[in-house]
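Taking it in order: structure first as structure tokens, then the write-up.
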Amino acid sequence: QVQLVESGGGLVQAGGSLRLSCAASGRRFNSYPMGWFRQAPGKEREFVAGINWSGYNTDYADSVKGRFTISRDNAKNTLYLQMNRLNPEDTAVYYCGRTSDYNNRRTYTRYDYWGQGTQVTVSS
């Protein structure tokens, strides 16, 4: 059984920073690519960032490139998302997910496990 638990969300002013964490239970965390998605009210879940099993390869949505950094610590079974220069358009519930298909990391239907989400609200 795999469980993913996000933390680190909150309310921040525009221009500020937050660091999200996703703690994974279960074995073989270091064997799977992981990703961060977000969903704003009335919108579909959208890809934010993805990382391969080793952490060597990463991918970002254009809207966050240069501001967000995805990383992982396989020794701690934890995935991270460092978010800098936040703006109100980043307001959403952020989810971490596990996939077996890094080639389709931007497609949320290719993820087999999800966390419960953590709310990020950016005020102007």
Side-chain angles (χ1 to χ4, degrees):
Q1 184 74 12
V2 175
Q3 286 190 324
L4 303 175
V5 180
E6 300 97 336
S7 62
L11 174 64
V12 64
Q13 287 189 331
S17 299
L18 283 174
R19 188 195 196 200
L20 305 185
S21 298
C22 172
S25 65
R27 296 182 297 174
R28 301 183 63 198
F29 170 79
N30 60 0
S31 298
Y32 291 91
M34 300 289 293
W36 287 99
F37 284 70
R38 65 187 181 187
Q39 189 165 18
K43 294 187 177 181
E44 290 191 354
R45 190 169 297 194
E46 66 171 355
F47 171 78
V48 174
I51 190 167
N52 77 328
W53 67 271
S54 68
Y56 186 77
N57 292 315
T58 58
D59 183 33
Y60 298 92
D62 287 345
S63 59
V64 307
K65 197 172 295 183
R67 300 188 297 123
F68 290 12
T69 302
I70 187 172
S71 62
R72 66 192 297 163
D73 186 336
N74 286 339
K76 295 182 178 180
N77 280 14
T78 304
L79 176 74
Y80 302 100
L81 185 69
Q82 177 67 44
M83 306 186 294
N84 299 327
R85 303 201 314 272
L86 285 159
N87 59 62
E89 290 71 37
D90 296 316
T91 295
V93 178
Y94 283 70
Y95 299 90
C96 65
R98 193 193 84 169
T99 181
S100 301
D101 186 5
Y102 186 69
N103 288 335
N104 290 292
R105 57 196 172 275
R106 293 185 172 222
T107 305
Y108 73 86
T109 56
R110 300 300 296 168
Y111 287 71
D112 48 10
Y113 291 98
W114 292 99
Q116 82 290 349
T118 185
Q119 176 70 48
V120 171
T121 303
V122 184
S123 63
S124 58

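Index from 1, following the sequence. Treat the numbers as computed from the prediction; the structure is a model and nothing was measured.
- Taking a 4.5 Å side-chain heavy-atom cut-off between Ile, Leu, Val, Met, Phe, Trp and Tyr, the cluster of Tyr32 contains only that residue.
- Put simply, the side chain of Glu6 gets close to the backbone of Gln116: a donor and an acceptor are under 3.5 Å apart.
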Please table the atom pairs, donor to acceptor, closer than 3.5 Å between any side-chain atom in residues 39-47 and protein atoms at least two apart or in another chain.
unit_1 : atom_1 : unit_2 : atom_2 : d
Gln39  : NE2    : Lys43  : O      : 3.1
Glu46  : OE2    : Arg38  : NE     : 2.6
Glu46  : OE2    : Arg38  : NH2    : 3.2

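- Side chain of Asn74 to main chain of Trp53: a donor-acceptor pair is present (N/O by atom type, distance under 3.5 Å, no hydrogens or angles).
- Looking at Gln119 and Thr91, their side chains come closer than 4.5 Å, going by heavy atoms from C-beta outward.
- In terms of heavy-atom proximity, Asp73 sits nearest to Phe29 at O-CE2, 4.2 Å.
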CA sep, side-chain torsions, deciding dist, call: Leu18, Phe68, side chain to side chain contact (heavy atoms under 4.5 Å, CB included): CA-CA 10 Å; Leu18 283 174; Phe68 290 12; over 6 Å; no
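- The side-chain tip of Arg67 does not point at the ring of Tyr60 from less than 6.0 angstrom away and within 45° of straight on.
- When all heavy atoms of Asn104 and Asp101 are compared, the closest pair comes out as ND2-OD2, 2.7 Å.
- For the pair Pro88 and Ser123, the tightest heavy-atom approach, listed with the atom from each and the gap, is CG-C, 4.4 Å.
- Atoms CG and NZ, on Asn30 and Lys76 in that order, are 15.5 Å from each other to the nearest 0.5 Å.
- Once rounded to the nearest 0.5 Å, the distance linking OG1 of Thr58 with CZ of Arg72 reads 12.0 Å.
- Within a 6.0 Å radius of CH2 in Trp114, other residues, nucleotides and ligands contribute more than 12 heavy atoms.
- Contact between Thr107 and Phe37 at its shortest, heavy atoms only, is C-CZ, 4.2 Å.
- For Tyr95 and Tyr108, the ring centers are positioned 6.0 Å apart or more.
- The two residues Cys96 and Leu79 come nearest to each other via the heavy atoms CB-CD2, 3.9 Å.
- Linking Ile, Leu, Val, Met, Phe, Trp and Tyr whenever their side-chain heavy atoms come within less than 4.5 Å leaves Val93 and Val122 in two separate clusters.
- Between the OG1 atom of Thr69 and the CG atom of Asn84 there is a distance of 6.5 Å, given to the nearest 0.5 Å.
- A side chain to side chain contact (heavy atoms under 4.5 Å, CB included) with Ser17 is found for exactly one of Gln82, Met83, Arg85, namely Gln82.
- No side-chain heavy atom of Arg105 sits less than 4.5 Å from a side-chain heavy atom of Arg110.
- Here the closest heavy-atom approach between residue Gly26 and residue Asn77 is recorded as O-ND2, 3.6 Å.
- The shortest side-chain heavy-atom distance between Leu4 and Met34 falls under the 4.5 Å cut-off.
- Checking Ile51, Leu20, Val64 one by one against Trp36, the side chain to side chain contact (heavy atoms under 4.5 Å, CB included) holds for a single residue, Leu20.
- Annotation: the span from Thr121 atom OG1 to Leu86 atom CG amounts to 10.5 Å, rounded to 0.5 Å.
- When the salt bridge (Lys or Arg N to Asp or Glu O under 4.0 Å) test is applied to Arg98, the partners found at least two apart in sequence or on another chain are Asp112.
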